[in-house]
Number of protein chains: 2
Amino acid sequence: MKRPTQADVARLAGVSRATVSYVINGRADRSVSITEETRQRVLWAIEQLGYQPHAAAQSLRSGMTKIIGLLIPDMHNPHYWQIVRGVEDAARAEGYDLLLASTSLDPKREQHSVRALLRRRIDGLILLLTFGDRLASEIEMLARRHGPVVLLGGQVPGLDVVEPGYESGAAQMMRYLLSLGHRRIAFIHGVACPTLGGERLTVYRRVLQERGWLNERWVIHCGSTLEDGYQAASHLLDCSPRPTAILVVNDLLAIGALRAVADRGLRVPEDISIAGFDDIEVAAYLTPPLTTVRVDSETLGRESVRLVLARMRDPERPLQHIRVSAQLIVRASTGSAPAD
Amino acid sequence: MKRPTQADVARLAGVSRATVSYVINGRADRSVSITEETRQRVLWAIEQLGYQPHAAAQSLRSGMTKIIGLLIPDMHNPHYWQIVRGVEDAARAEGYDLLLASTSLDPKREQHSVRALLRRRIDGLILLLTFGDRLASEIEMLARRHGPVVLLGGQVPGLDVVEPGYESGAAQMMRYLLSLGHRRIAFIHGVACPTLGGERLTVYRRVLQERGWLNERWVIHCGSTLEDGYQAASHLLDCSPRPTAILVVNDLLAIGALRAVADRGLRVPEDISIAGFDDIEVAAYLTPPLTTVRVDSETLGRESVRLVLARMRDPERPLQHIRVSAQLIVRASTGSAPAD
DNA sequence: TTGAAAGCGCTACCAA
DNA sequence: TTGGTAGCGCTTTCAA
């Protein structure tokens with residue numbers, strides 16, 4: 001019970017293999033023309049046998065895989081999933097399948113995954129790198145040889161980039177928190193690699209520095225799990241004086257922070273304000289609903305696919321750098337700074 | 001600047017293409033043996049050229065793609081990601097890449113995705129079907145021709161199945177709620193397809209029926225988004241008398257329910273208890289932390305991969321049906337039924 | 001309008 | 001111990 005091949009179809013339809021190929025690939029319009037009757041016979045034979053073209057053979061011959069690869073840092077963070085959704089959607093709409101890999105926040109694995117993805121001669125690659133710097137030169141080289149590679153955030157010379165507008169988002173957020181009267185603002189920087197989310201931290205530091213309110217003790221570096229967020233917030237809550245607001249590098253960790261506050265019997269936002277980044281879907285449904293900076297992650301994914309496809313079509317087009325804007329979303333987790 | 005092929009390596013190393021192949025595939029041990037010196041020269045040439053085997057060509061020749069396909073219903077629900085994590089992990093550990101597709105809760109798209117996946121002659125396929133029944137016969141047929149197909153829940157004759165133990169979990173949950181004195185227990189069945197989560201609903205009905213407390217007005221069928229959960233719960237809260245507990249088909253929707261309760265100024269669990277299924281990661285960090293039924297989703301994913309690989313190795317092995325057990329996790333969102 | 005045939009890059013069998 | 005070589009299934013050019 002072997003799977004039927006193109007030759008089987010040809011035999012059954014009483015035509016040559018080339019004809020079958022023409023019919024399938026719809027080349028019937030331009031250079032080649034096929035009798036409607038022949039076409040129908042071929043179609044019938046295909047149906048009859050349940051024939052399906054062999055993807056590997058097509059790839060080998062045509063040089064296209066019809067696959068787009070996506071590398072994300074961490075499957076735990078919903079934010080990345082929203083990106084995956086955007087990518088999957090856009091890719092599928094164009095007839096591409098999605099090969100997904102995650103770094104699991106491990107540099108070795110990131111390197112390994114990038115190589116594995118590249119090895120497949122996938123049509124296009126979208127990389128959301130965690131430890132990118134270490135690989136920059138290798139990626140640059142490989143990208144030159146392989147097809148299109150688009151970076152989702154970060155910087156590698158010679159590559160198209162889609163950049164989330166966290167920087168302006170962070171600035172909006174800081175302005176907002178200051179307008180509420182907060183001065184003791186903490187920052188939880190829970191990421192696998194210091195460079196990740198760096199722009200948010202930088203803006204935070206700069207804004208407070210300008211006012212002389214920066215206190216490095218209130219910048220917590222920790223891991224990237226919910227529990228890390230919880231622990232970091234717990235630590236901050238035990239400080240004296242306590243910060244009146246905690247800005248968290250992403251919503252996932254902010255959820256951990258909310259829990260920490262609740263566990264200490266404190267109220268949000270009366271006793272302390274909490275805010276995050278990303279506007280993951282649950283953010284609006286938390287108790288209290290979370291103030292955050294929205295970066296439309298599906299758009300991030302979609303745009304990446306767009307760039308990849310565009311580069312496929314025209315490898316010589318000028319380098320693109322697209323910025324997806326961010327927007328402050330005020331909900332109930334932030335309020336005026338409590339009087340001392 | 002074309003990519004080097006095996007022939008280039010052979011030329012540079014001064015050996016034949018076959019030798020290169022042997023070196024790469026480490027067949028040097030058994031049937032064929034290669035001088036250490038030759039081996040080194042080949043390795044050197046590979047390094048020199050930055051040669052990487054062409055995956056499509058390998059697939060075509062060897063018949064293996066080193067890819068496992070996974071179809072999930074919906075990228076919005078964290079529960080499914082946890083499964084994806086398990087699959088990705090296990091697959092990568094065995095040298096397989098992951099091709100991911102999501103149904104987006106659309107039957108057409110499910111059918112289309114299954115076909116696309118099958119078409120690739122992927123080494124193995126893991127399906128978490130939403131509308132499986134409609135496709136059952138097609139899948140069965142295709143599975144016979146194609147490689148291993150494992151079902152994650154559901155039933156298709158002739159296929160290996162990994163089944164989450166929701167049924168026993170639901171029974172534990174109902175027993176627990178009853179022990180807290182609840183009699184007016186509602187059920188939010190927010191799924192894309194009635195059969196999904198059916199076992200949970202069935203247990204719910206059976207248990208209440210036995211006591212004569214079943215009230216179909218308290219069974220809400222709705223969609224599968226957070227907002228659907230919110231709306232469904234809102235509706236239930238407006239009933240009079242109000243249910244004293246709401247069991248939600250999954251944690252994601254339960255989050256929506258928690259929000260609805262909070263928005264009405266009611267307290268969980270004093271005024272009403274809320275419980276879900278899956279034990280997604282955020283469940284423990286919600287306010288209040290959510291009582292739920294844990295089904296270890298990573299294990300679900302891992303086991304699926306295990307079955308796929310086992311079936312690859314031995315297509316004739318007896319059909320497997322693995323049940324992953326469920327466990328009641330009591331947290332703060334459930335409490336004694338309020339006195340009337 | 002259709003068919004023949006040359007590979008795409010690789011693996012594995014057989015011969016040397 | 002190594003090399004020659006026949007395909008895997010498909011697309012596409014060229015000829016008929």
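Proteins get letters first, then strands, A, B, ... in listed order; numbering begins at 1 in each. Excluded from the calculations below are hydrogen atoms, water molecules and symmetry mates; all remaining heavy atoms, backbone and side chain alike, are included. Predicted model, so just to flag it, every value in this text is computed and none were measured.
- As a whole-Å value, the separation of B/Arg121 CZ from D/dC10 C1' is 11 Å.
- In the set C/dC14, C/dA6, C/dT11, C/dC14 carries the atom at the smallest distance from any side-chain atom of B/Tyr22.
- When distances are taken from the side chain of A/Ala57 to each of D/dC10, D/dG7, D/dG3, the shortest belongs to D/dC10.
- Residue A/Arg11 contributes atom CZ, which lies 14 Å from atom P of C/dG3 at whole-angstrom precision.
- Qualifying salt bridge (Lys or Arg N to Asp or Glu O under 4.0 Å) partners for B/Arg302, counting only residues two or more places apart in sequence or in other chains: B/Asp89, B/Glu298.
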Atom pairs and distances, side-chain donor-acceptor, residues 151-162 of chain A, under 3.5 Å, sequence neighbours left out:
{"unit_1": "A/Asp160", "atom_1": "OD1", "unit_2": "A/Arg311", "atom_2": "NH2", "d": "2.9"}
{"unit_1": "A/Asp160", "atom_1": "OD1", "unit_2": "A/Gln320", "atom_2": "N", "d": "2.8"}
{"unit_1": "A/Asp160", "atom_1": "OD2", "unit_2": "A/Arg311", "atom_2": "NE", "d": "2.7"}
{"unit_1": "A/Asp160", "atom_1": "OD2", "unit_2": "A/Arg311", "atom_2": "NH2", "d": "3.2"}

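- Nearest-nucleotide positions on DNA chain C place A/Ser62 closer to the 5' end than the other of A/Ser62 and B/Ser62.
- Rounding to whole angstrom units, CD1 of residue A/Ile24 and C1' of D/dG9 are separated by 11 Å.
- Between the C1' atom of D/dG9 and the CZ atom of B/Arg120 lies a distance of 15 Å, rounded to the nearest Å.
- Base engagement by B/Gln6 is indicated by at least one non-hydrogen atom pair under 4.0 Å involving a base atom.
- Regarding contacts with the backbone of D/dT11, a side-chain N or O of A/Gln58 is found under 4.0 angstrom from either OP1 or OP2.
- Between D/dA6, C/dC8, C/dG3, one nucleotide has an atom nearer to the side chain of A/Leu60 than all others, and that is C/dC8.
- With hydrogens and angles ignored, no donor-acceptor pair under 3.5 angstrom links the side chain of A/Tyr51 to the base of D/dG9.
- With distances taken from any side-chain atom of A/Asn25 to the nucleotides D/dT11, D/dG9, D/dT2, the minimum falls on D/dT11.
- When the P atom of C/dC8 is taken as reference, atom CE of A/Met64 falls 17 Å away, rounded to whole Å.
- Nearest to the side chain of A/Ser16, among D/dG3, C/dC8, C/dA4, sits C/dA4.
- Direction of the helix axis in the helix from C/dT1-D/dA16 to C/dA16-D/dT1 shifts by 40° between the two five-pair termini, rounded to 10°.
- Atom-to-atom, CZ of A/Arg17 to C1' of C/dA4 comes out at 10 Å; the value is rounded to the nearest Å.
- The phosphate of C/dG3 (OP1 or OP2) has a side-chain N or O of A/Thr19 nearer than 4.0 angstrom.
- B/Glu303 and B/Arg306 are joined by a salt bridge, as a carboxylate oxygen and a charged side-chain nitrogen come within less than 4.0 angstrom of each other.
- Rounded to the nearest 0.5 Å, atoms CG (A/Leu43) and OH (A/Tyr51) are 12.5 Å apart.
- Side-chain contact check for A/Met312 versus A/Leu309: some heavy-atom pair is nearer than 4.5 Å.
- Side chains of B/His76 and B/Asp74: a donor-acceptor N/O pair is present below 3.5 angstrom, by distance only.
- The interatomic distance linking A/Glu37 (CD) with C/dT2 (C1') rounds to 13 Å, in whole Å.
- Between C/dC10 and B/Ser21, no contact under 4.0 Å exists linking OP1 or OP2 to a side-chain N or O.
- If you check every strand for non-hydrogen atoms under 4.0 Å, B/Ser59 touches nothing.
- Comment: B/Glu36 engages B/Arg39 in a salt bridge, judged by a side-chain N to carboxylate O separation of less than 4.0 angstrom.
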